[in-house]
Undergrad: 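Below is one structure. I have some questions about it.
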Amino acid sequence: MDNIKLPQHLAIIMDGNGRWAKKRGLPRSTGHKEGVKAVKRVISNCIDLNIPILTLFAFSTENWERPKNEVLNLIKLFGKVLDREKANLIKNNIRINFIGRLNELPNLLTKKMNELIELTRNNNKLILNIAINYGGRAEIVDAINSIILDLYDKKIKIEDINENTVRNNLYTHGLPDPDLLIRTGGEMRISNFMIWQIAYAEFWVSPVFWPDFDKNNLIEAIKDFQKRVRKYGGKG
Ligand code: IPE
Ligand code: IPE
Ligand code: MG
């Protein structure tokens, strides 16, 4: 693996927890619990490999449609993991951030999230973005609404609206777009993830279910990424 040509922003659609569990005759909740272990693993692998920004898709705006007990179980699990990992985030110099419709989440959870954002604000080894209650379409709607508010408040003029205006109103403002997008679990779809930001990301689909995704699988994706010729619509 080339240690120079690394992705600067890796985004991952962590899929396959349910199928991982089903294959073993275990409840889906066990799959999600194992998925948390894989989250810890990928964070430490990104630090080892010097990848500076990692965005993980944890819960989508559409995932509320799942059975009530699975949704409740996931929300409870997030809270538990945030409590448990506080010290590790600080120790490992990780700056955590969350993207999504955070105001629709239970107050107890957003309180924990805000506390972690504050506590890790000055850390600089890894920027860890967790997408929770996140939807790409919702993000664009929210960006449109905040641009309209700026228009009403006369902070901007209609003729000034361009791609940068949109970019600066997304949840990811200030961050470069992902250059590598990995989806585990084999499905070849985007499922409403970062639809603006991945316009020119390189895509890697791994058949491995998320709880099994390990360092070798990650390196395999990065190696393939390093072979790609990125053309951005130009002559190449
Ligand atoms: C991804 O695994 C985790 C979340 C969406 C929260 P899934 O729960 O979607 O697992 P599969 O796709 O059913 O295997
Ligand atoms: C995408 O996985 C969302 C997350 C990984 C959080 P889903 O399992 O929700 O996607 P679909 O339903 O297969 O498109
Ligand atoms: Mg899934």
Side-chain angles (χ1 to χ4, degrees), residues 7 9-43 45-46 53-82 84-85 96-106 109-110 112-113 128-142 170-172 178 180-198 201-214 217-218 221:
H9 184 172
L10 169 65
I12 307 182
I13 302 172
M14 309 183 290
D15 196 25
N17 293 351
R19 282 164 285 163
W20 181 95
K22 192 172 181 195
K23 206 173 88 181
R24 289 164 176 76
L26 297 166
R28 292 178 64 86
S29 56
T30 309
H32 295 314
K33 256 170 104 177
E34 285 298 312
V36 174
K37 293 185 191 163
V39 168
K40 293 193 64 171
R41 187 161 62 225
V42 82
I43 291 170
N45 288 333
C46 283
I53 310 172
L54 173 66
T55 298
L56 299 175
F57 199 6
F59 191 86
S60 77
T61 45
E62 290 73 31
N63 287 152
W64 297 105
E65 302 300 320
R66 295 189 178 198
K68 215 173 163 182
N69 67 333
E70 182 174 357
V71 171
L72 263 168
N73 171 269
L74 278 167
I75 299 289
K76 270 217 285 221
L77 183 64
F78 290 134
K80 260 202 223 159
V81 173
L82 293 186
R84 211 172 58 202
E85 295 305 319
I96 197 167
N97 192 32
F98 299 91
I99 58 172
R101 286 212 171 134
L102 308 182
N103 57 348
E104 291 173 357
L105 291 165
L109 193 62
T110 45
K112 290 183 204 289
M113 289 157 56
L128 173 64
N129 266 319
I130 307 285
I132 175 167
N133 193 23
Y134 174 89
R137 289 179 175 172
E139 180 178 34
I140 291 171
V141 171
D142 290 351
L170 297 174
Y171 308 141
T172 50
L180 174 59
L181 171 65
I182 296 176
R183 182 174 184 135
T184 62
E187 308 287 0
M188 298 200 187
R189 56 177 172 255
I190 297 300
S191 301
N192 201 14
F193 188 46
M194 297 185 104
I195 49 181
W196 172 283
Q197 296 92 332
I198 60 167
E202 296 296 327
F203 196 13
W204 174 263
V205 176
S206 167
V208 174
F209 295 140
W210 176 247
D212 286 333
F213 191 78
D214 65 13
N217 302 132
L218 176 62

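Start at 1 and go down the list; that is how both ligands and their atoms are numbered.
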Undergrad: How close do C46 and L10 get, counting heavy atoms only, and between which atoms?
TA: SG-CD2, 3.8 Å
Undergrad: Under 4.0 Å from atom 8 (O) of ligand 2, is there at least one protein heavy atom?
TA: yes
Undergrad: Could you say whether the N/O atoms of F59 and ligand 1 ever approach to under 3.5 Å?
TA: no
Undergrad: Can E187 be said to touch ligand 2, with heavy atoms closer than 4.0 Å?
TA: no
Undergrad: At distances under 2.8 Å, what protein N, O or S atoms surround the Mg ion (ligand 3)?
TA: D15 OD1
Undergrad: Nearest protein heavy-atom contact for atom 3 (C) of ligand 1: which residue, which atom, what distance?
TA: N17 ND2, 3.6 Å
Undergrad: Within the structure, is a non-hydrogen atom of G31 found at a distance of less than 4.0 Å from ligand 1?
TA: no
Undergrad: Sub-3.5 Å donor-acceptor pair from the side chain of W210 to the main-chain atoms of G35, do we have one?
TA: yes
Undergrad: Below 4.0 Å from ligand 1: does a non-hydrogen atom of R28 turn up there or not?
TA: yes
Undergrad: Measuring from L102:CG to N97:CG, what's the distance to the nearest 0.5 Å?
TA: 8.5 Å
Undergrad: Residue-level breakdown please: for S60 versus ligand 1, do any non-hydrogen atoms fall below 4.0 Å on the side chain, on the backbone, on both, or on neither?
TA: neither
Undergrad: Starting from atom 6 (C) of ligand 1, find the nearest protein heavy-atom neighbour and note its residue, name and distance.
TA: A58 O, 3.3 Å
Undergrad: Would you call R101-E139 a salt bridge at under 4.0 Å N-O?
TA: no
Undergrad: Using a distance-only test with no angle check, is there a side-chain donor-acceptor pair under 3.5 angstrom linking E62 and N192?
TA: yes
Undergrad: So which heavy atom in the protein is nearest atom 1 (C) of ligand 1, and how far is it from that ligand atom?
TA: M14 O, 3.0 Å
Undergrad: Under 4.0 Å between a side-chain nitrogen and a carboxylate oxygen: does that hold for E187 and R19?
TA: yes
Undergrad: Could you check atom 5 (C) of ligand 1 against the protein and tell me its nearest heavy-atom contact, residue, atom and distance included?
TA: R66 NH2, 3.3 Å
Undergrad: Without hydrogens or angle criteria, can the side chains of E70 and H32 be said to hold a donor-acceptor pair below 3.5 Å?
TA: yes
Undergrad: Please report which non-hydrogen protein atom sits nearest to atom 13 (O) of ligand 2, along with the residue it belongs to and the distance in Å to one decimal place.
TA: R189 NH2, 2.8 Å
Undergrad: Determine, using heavy atoms of G185 and all atoms of ligand 1, whether some pair is separated by less than 4.0 Å.
TA: no
Undergrad: Could you tell me which atoms of ligand 2, counted from 1 in the order shown, lie closer than 4.0 angstrom to a heavy atom of R183?
TA: 2 (O), 10 (O), 11 (P), 13 (O)
Undergrad: Could R24 and W20 be counted as a cation-pi pair, given that NZ or CZ must be under 6.0 Å from the ring centre and within 45° of the axis?
TA: yes
Undergrad: Ignoring angles and geometry beyond distance, decide whether R19 reaches within less than 3.5 Å of ligand 1 through its nitrogen or oxygen atoms.
TA: yes
Undergrad: Closest non-hydrogen protein atom to atom 14 (O) of ligand 2, residue and atom name please, with distance?
TA: S191 OG, 2.6 Å
Undergrad: For L128 and L56, what are the C-alpha separation, side-chain angles and deciding distance, and is it a side-chain contact (heavy atoms from CB on, under 4.5 Å)?
TA: CA-CA 8 Å; L128 173 64; L56 299 175; 4.0 Å; yes
Undergrad: Please find the pair of heavy atoms, one from E34 and one from P211, that lie closest to each other, and give the distance.
TA: CB-CB, 3.7 Å
Undergrad: Determine whether the side chains of Y171 and D142 contain a donor N or O and an acceptor N or O closer than 3.5 Å.
TA: yes
Undergrad: Regarding S191 and R183, do their side chains bring together a donor and an acceptor under 3.5 Å, going by distance alone?
TA: yes
Undergrad: Would you mind telling me if ligand 1 is within reach of the side chain of K22, the backbone, both or neither, using heavy atoms under 4.0 Å?
TA: neither
Undergrad: Hey, does N63 come in under 3.5 Å of ligand 2, counting only N/O atoms on both sides?
TA: yes
Undergrad: For ligand 2, which part of A131 has a heavy atom less than 4.0 Å away: the side chain, the backbone, both, or neither?
TA: neither
Undergrad: Indicate yes or no for a side-chain donor-acceptor contact from D212 to the backbone of V208 under 3.5 Å, with no hydrogens or angles considered.
TA: no
Undergrad: So which heavy atom in the protein is nearest atom 10 (O) of ligand 1, and how far is it from that ligand atom?
TA: G18 N, 2.9 Å
Undergrad: Show the atoms of ligand 1 that are less than 4.0 angstrom away from any heavy atom in H32.
TA: 3 (C), 8 (O)
Undergrad: When you look at L109 and F98, which way does the side-chain contact (heavy atoms from CB on, under 4.5 Å) test go after all the steps?
TA: CA-CA 12 Å; L109 193 62; F98 299 91; over 6 Å; no
Undergrad: For T61 and N133, indicate whether the former's side chain and the latter's backbone hold a donor-acceptor pair under 3.5 Å.
TA: no
Undergrad: Is there a ring pair (Phe, Tyr, Trp, His ring centres under 6.0 Å) between F59 and Y134 once you walk through the steps?
TA: CA-CA 6 Å; F59 191 86; Y134 174 89; over 10 Å; no
